[in-house]
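Notes to accompany the following structure.
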Amino acid sequence: CLVILGCHRSGTSMLAGILEASGGKLPSGLMRPALTNRNGFNESWLVVDINESILKSCDIPWDYPEPTPRCIEKDSFKERFIPAVQASLSEAFGSEDSLTGAMILKDPRMCRTFPIWEKTMTRIGLSPTVLIPVRNPFDVIRSLEIRDGMQPSHACFVWIWHIVEAVLWSNHLLPRFVLFERLLEDPALCLKNALGFEIPSKAYEVVRPDLNHGSSSFDRYPQNVEPFRTAIELYRKVSILHEPDAELLDEVIRLREFAIEQSRYKERRYRRREKRLISDLSALKKETSEKVRANITSFESCSSLPTIS
């Protein structure tokens with residue numbers, strides 16, 4: 001089973017198309033092409049719907065600008081979704097008996113939900129081969145800005161956490177990086193390095209350099225300001241590797257743990273502010289209630305005075 005773990009707007013659809021042209025099998029229920037992806041997404045609603053359900057249970061949307069909550073790592077949480085994921089795989093590729101061969105599984109949301117998919121695959125005897133397509137973050141940011149109206153800093157965080165978690169969740173499976181820019185420049189060499197074998201020449205017809213719409217985005221965003229600095233540094237580390245090394249793994253773990261701790265700190269501050277606000281509102285309510293009672297008492301005293309004739 002070939003699993004593509006890459007951020008949105010990073011060439012995941014094109015890579016899936018190349019793998020299909022090389023003899024791989026795409027799932028049924030494919031999403032229709034759109035104006036933002038005229039050649040098709042090469043991903044199935046059967047997969048997308050499951051991933052959306054998982055993210056919803058984590059209380060996050062697809063473009064959440066922080067790490068996926070820790071619930072995704074808990075066995076009890078994974079177990080809740082394994083039956084649905086298994087049913088999705090069977091429906092997308094056929095019966096469980098036919099779940100063999102070069103199946104192609106792709107949905108950018110899977111960068112966040114992969115722990116559940118991997119556990120399901122292991123349970124039904126599938127061995128995933130993971131490819132991580134990576135595109136210059138500034139080009140992805142620009143593409144998300146144009147397509148979704150996303151703020152650049154928000155889009156930057158989306159790229160960071162998709163790459164961080166794709167590496168973190170799949171590192172033990174020895175994933176291979178596929179650099180988007182190199183794929184466009186020399187698809188034969190790029191894919192040979194990633195897959196370990198040469199693919200049919202007809203598969204190169206799927207590669208279209210004109211798809212790199214955001215190729216002029218490198219100077220659009222400040223490289224010395226966060227989160228852009230972290231993104232470009234992470235990209236530079238990935239771009240010299242064929243697969244994650246120990247140094248990169250340490251870096252993505254550090255980034256995720258730091259962000260989670262920062263998120264907890266912000267949540268604790270929010271809780272304290274919320275408690276103070278509730279306390280202030282309670283005091284204000286009590287004070288207002290006492291004033292109202294005093295006014296009512298004063299009014300009743302005035303209304304009981306004798307009438308002057």
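- Both L249 and V134 belong to a single network of hydrophobic side chains, linked directly or stepwise wherever heavy atoms of I, L, V, M, F, W or Y lie under 4.5 Å apart.
- Proximity of S170 to P175: side-chain heavy atoms (C-beta onward) are separated by under 4.5 Å at one or more points.
- The structure places OG of S53 at 10.0 Å from CZ of R80, a figure rounded to the nearest 0.5 Å.
- In the displayed structure, H242 atom NE2 is contacted under 6.0 Å by at most 12 heavy atoms of other residues, nucleotides or ligands.
- Going from atom CG of L195 over to atom OG of S22 covers 7.5 Å, rounded to the nearest 0.5 Å.
- W45 has its side chain within reach of V48: a pair of non-hydrogen atoms, C-beta onward, lies under 4.5 Å apart.
- In this structure, the side chains of P133 and I4 come closer than 4.5 Å at one or more pairs of heavy atoms.
- If you chain together hydrophobic residues whose side chains sit under 4.5 Å apart, I163 and L174 never meet in one group.
- The shortest side-chain heavy-atom distance between V225 and R229 does not fall under the 4.5 Å cut-off.
- Of all non-hydrogen atoms in D63 and V158, the two that sit nearest each other are O-CG2, 3.5 Å.
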Give the intermediate values and the outcome of side-chain contact (heavy atoms from CB on, under 4.5 Å) for residues V3 and T129. CA-CA 6 Å; V3 180; T129 296; over 6 Å; no
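- Between N171 and P244, the shortest heavy-atom distance links the atoms OD1-CB, 3.4 Å.
- Partner L2 forms a side-chain contact (heavy atoms from CB on, under 4.5 Å) with one of L105, L19, V130 and no other, that one being L19.
- Taking CG of L183 as the start and SG of C190 as the end, the distance is 5.0 Å to the nearest 0.5 Å.
- By the rule that hydrophobic residues join a cluster once side-chain heavy atoms approach within less than 4.5 Å of another member, F258 and L255 end up as members of separate clusters.
- Using modelled atom types, one side-chain atom of N42 and one backbone atom of S13 make a donor-acceptor pair closer than 3.5 Å.
- Two residues are said to be in side-chain contact when any heavy atoms from C-beta on lie closer than 4.5 Å; I18 and M14 meet this criterion.
- Taking CD of E233 as the start and CD of E226 as the end, the distance is 7.0 Å to the nearest 0.5 Å.
- Paired with E118 under the rule side chain to side chain donor-acceptor pair (under 3.5 Å), one option of H172, K78, R123 passes, and it is H172.
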Show, in sequence, the C-alpha distance, side-chain angles and deciding distance for L191 and F197, and conclude whether the side-chain contact (heavy atoms from CB on, under 4.5 Å) test is met. CA-CA 8 Å; L191 292 170; F197 58 86; over 6 Å; no
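- Contact check on E185 versus R182 returns no salt bridge, with no Lys/Arg side-chain nitrogen under 4.0 Å from an Asp/Glu carboxylate oxygen.
- Counting only N and O atoms by type, the side chains of S263 and E66 include a donor and acceptor under 3.5 Å apart.
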Does D59 form a side-chain contact (heavy atoms from CB on, under 4.5 Å) with Y64? I'd like the steps, not just the answer. CA-CA 10 Å; D59 292 324; Y64 190 55; over 6 Å; no
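- The minimum heavy-atom distance between E181 and N136, with the atom names listed, is OE2-N, 3.1 Å.
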For E73 and R256, run salt bridge (charged side-chain N to carboxylate O under 4.0 Å, His left out): C-alpha distance rounded to whole Å, both residues' side-chain angles, the deciding distance at 0.1 Å, then the answer. CA-CA 13 Å; E73 303 173 66; R256 188 168 186 270; 3.1 Å; yes
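- Between the side chain of W169 and the backbone N or O of C111 there is at least one donor-acceptor pair closer than 3.5 Å.
- With no hydrogens or angles considered, no side-chain donor-acceptor pair links S28 and E91 at under 3.5 Å.
- Between R142 and E145 a salt bridge is recorded (basic side-chain N to carboxylate O distance below 4.0 Å).
- Closest approach of L26 and F93 over heavy atoms only: C-CE2, 3.8 Å.
- Minimum interatomic distance between W117 and S88 (heavy atoms only, all atoms of both residues): CH2-OG, 4.1 Å.
- Side-chain contact check for N51 and W62: no donor-acceptor pair (N or O, by modelled atom type) lies under 3.5 Å.
- Residues R112 and P67 approach most closely at NH1-C, 3.7 Å, considering heavy atoms.
- Residues K119 and E79 have side chains in contact (heavy-atom distance under 4.5 Å, counting atoms from C-beta outward).
- A donor-acceptor pair under 3.5 Å is formed between the side chain of D186 and the backbone N or O of L189.
- Side chains of K25 and E20 form no contact here, defined as non-hydrogen atoms less than 4.5 Å apart.
- Hydrophobic cluster membership differs between M31 and L144, with clusters built from Ile, Leu, Val, Met, Phe, Trp and Tyr side chains linked at under 4.5 angstrom.
- Between L131 atom CG and T12 atom OG1 the span is 11.5 Å, to the nearest 0.5 Å.
- Looking only at side-chain heavy atoms (C-beta outward), F41 and R32 stay at 4.5 Å or farther from each other.
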Run the side-chain contact (heavy atoms from CB on, under 4.5 Å) check on D139 and S143 step by step: do they pass? CA-CA 6 Å; D139 293 343; S143 188; over 6 Å; no
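- In this pair, F81 and F77 present their aromatic rings tilted. The plane angle is within the 30 to 60° band.
- Annotation for Q223: atom CD counts as buried by contact number, over 12 foreign heavy atoms lying within 6.0 Å.
- For S239 (side chain) and R236 (main-chain N/O), a donor-acceptor pair under 3.5 Å exists by modelled atom type.
- D219 CG to F138 CZ: the interatomic distance, rounded to the nearest 0.5 Å, is 9.0 Å.
- Both L173 and I253 are part of a single hydrophobic cluster, where members link through side-chain heavy atoms under 4.5 Å apart.
- Side-chain contact of R135 with S10: a donor-acceptor pair under 3.5 Å is absent, judged by distance alone.
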